[in-house]
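Values in this document were obtained by computation on a predicted structure and should not be read as measured data.
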Amino acid sequence: QYPRDKNYHVSHETIYKSLFIQTRGVLKKELLACLRSRRVMRRSRYSSLKRKGLGTIVGAIPISERPASIEDRAVPGHWEGDLIAGSNNTYIATLVERHSRYVMLAKVKDRRTDTVIAALIKHSQKLPTELYKSLTWDRGAELAGHKNFTLATDIDVFFCEPSSPWQRGSNENTNRLLLQNFPKGTDLSVHSQSKLSAVARQLNERPRKTLEYETPAERFSACVASTAYSGHREHLFRAIVNT
C-alpha cells in the first residue's frame with residue numbers, strides 16, 4: 001500500500017520479534033490458536049527432526065548435481081516430495097511442482113520403501129512425461145528404493161543434503177499448510193484418497209502471491225496446454241485434478 005514510504009515498511013523479522021517472547025523465543029500462548037503448525041518454539045532453519053535413515057540411501061544423486069535449469073523454476077515438470085507423519089505410523093505422501101506450486105497428495109499405508117515407491121509410480125502415471133521430469137526428496141529411508149522408481153518411470157530423483165529442508169522449500173511450505181487439514185498427532189489412515197484429492201484441490205485453487213496471484217491450478221493448466229497433449233488438454237487436466 002505504501003511502496004515509496006519506508007516508514008510503513010515492516011520486515012518479517014520485525015513481525016516475529018513483536019510476537020515472540022524474546023528471552024526464550026516462545027510464542028505468546030494466546031497466539032498459538034492462530035497458527036497452522038501450532039509450533040511453540042521458533043526453530044532455526046538448520047534444525048531438523050528427521051534423523052532416521054539419513055545417509056543410508058545407496059546411489060543417491062545429491063541435489064548439487066541437479067541441473068541448473070531446474071533451479072530457477074522456469075521449466076515445469078520438476079517436483080519436490082516428502083512424507084507427513086501422523087499417529088500410529090500413518091503417513092501421506094506430498095508432491096509439489098516447483099514451477100506452478102501444484103500439489104498432489106497420495107495415500108500410503110506405511111513408510112516402507114516398497115509402499116512409497118509404488119504410490120509414487122502410480123501417481124506419476126497420471127501425468128504426461130513432459131510434466132514429470134524429476135523428483136527432489138529428503139534423505140528419508142522411505143526412498144531407499146529410488147532406483148526402482150526411476151527404472152519404472154524414467155524420472156530422475158535428487159536428494160537434499162541432510163538437515164536441509166529449505167532445499168525443498170515449496171514442499172515444506174505446503175506441508176505446513178496441510179497441518180490445518182491434517183493436524184499433528186492425528187491418525188492419517190482415516191482419510192481416503194478422495195479426501196486427500198479434495199484437500200489438494202483446495203490448495204491448488206488458492207491464489208498465490210508468488211504466482212502473481214494466479215492459482216497453482218491455473219498455472220499448471222497452462223503447462224498442460226503447452227504440452228504435446230494439448231489436443232485433449234481439458235480431459236487430461238480434469239483427470240489430473242480429480243486424482
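Annotation: salt bridge (Lys or Arg N to Asp or Glu O under 4.0 Å) contacts of R98 (sequence neighbours excluded): E80. Applying the side chain to side chain contact (heavy atoms under 4.5 Å, CB included) criterion to Y213, with sequence neighbours excluded, gives K209. Shown here are the side chain to side chain donor-acceptor pair (under 3.5 Å) partners of R73, two or more places apart in sequence or in another chain: S170.
Annotation for R111 and G140: closest pair NH2-CA, 4.4 Å, computed over non-hydrogen atoms. T210 and R101 get closest at one heavy-atom pair: OG1-NH2, 3.4 Å. The nearest pair of heavy atoms linking D138 to F159 is O-CD2, 3.2 Å. For the residue pair D156 and F158, the shortest heavy atom distance occurs at CB-CE1, 3.9 Å. Contact record, G59 with K147: CA-CE, 4.1 Å, taken as the closest heavy-atom pair. Nearest heavy atom pair, residue A141 against residue I57, reads CA-CD1, 4.1 Å.
For the atom pair CG of L120 and CH2 of W79, the computed distance is 11.5 Å after rounding to the nearest 0.5 Å. If you take OG1 on T153 and CD1 on I121, they are separated by 6.5 Å, rounding to the nearest 0.5 Å. Taken to the nearest 0.5 Å, the CZ atom of R4 stands 10.0 Å off from the NE2 atom of H9. Rounding to the nearest 0.5 Å places CG of D154 at 10.0 Å from CZ of F149. Atom CD1 in I63 sits 14.0 Å away from atom CH2 in W137 (nearest 0.5 Å). H78 NE2 to H99 NE2: the interatomic distance, rounded to the nearest 0.5 Å, is 10.5 Å.
A side-chain hydrogen bond (donor to acceptor under 3.5 Å, both in side chains) with D82 is found for exactly one of N175, T136, T174, namely N175.
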Do V116 and L143 pass the side-chain contact (heavy atoms from CB on, under 4.5 Å) test, and can you show the C-alpha distance, the side-chain angles, and the key distance before you say yes or no? CA-CA 7 Å; V116 175; L143 229 68; 4.1 Å; yes
Show the numbers, then the answer: is there a side-chain contact (heavy atoms from CB on, under 4.5 Å) between L95 and L135? CA-CA 9 Å; L95 297 164; L135 175 63; 3.8 Å; yes
Using the side-chain hydrogen bond (donor to acceptor under 3.5 Å, both in side chains) rule, take D187 and S189 through it: C-alpha gap first, then chi angles, then the decisive distance, then the call. CA-CA 6 Å; D187 188 343; S189 66; 2.6 Å; yes
Set out, in order, the CA-CA distance, both residues' side-chain angles and the distance that settles side-chain hydrogen bond (donor to acceptor under 3.5 Å, both in side chains) for N173 and R176, then state yes or no. CA-CA 5 Å; N173 290 335; R176 282 194 285 270; 2.4 Å; yes
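Hydrophobic clustering, with ILVMFWY side chains joined whenever heavy atoms are under 4.5 angstrom apart, keeps I70 apart from L127. Both V199 and L177 are members of a single hydrophobic cluster when ILVMFWY side chains are connected at heavy-atom separations under 4.5 Å.
Note: H191 and F182 have perpendicular aromatic rings, judged against thresholds of 30 and 60 degrees for the angle between ring planes.
At least one side-chain heavy atom of L203 sits less than 4.5 Å from a side-chain heavy atom of L178. Between P62 and R139, the closest side-chain pair of non-hydrogen atoms falls below 4.5 Å. No side-chain heavy atom of T129 sits less than 4.5 Å from a side-chain heavy atom of L131. When side chains are defined from C-beta on, V108 does not count as touching E142, because their heavy atoms never get closer than 4.5 Å. Between N171 and T94 there is a side-chain heavy-atom pair separated by less than 4.5 Å.
T215 contributes no side-chain N or O that, together with a main-chain N or O of R206, makes up a donor-acceptor pair within less than 3.5 Å. Under the 3.5 Å distance criterion, the side-chain polar atoms of S221 are left unmatched by any main-chain donor or acceptor of R219. Between the side chain of D72 and the backbone N or O of A74 there is at least one donor-acceptor pair closer than 3.5 Å. Checked by atom type and distance alone, the side chain of Q193 pairs as donor or acceptor with a backbone atom of L105 at under 3.5 Å. E97 places no side-chain N or O within donor-acceptor distance of the main-chain N or O of P76, the cut-off being under 3.5 Å.
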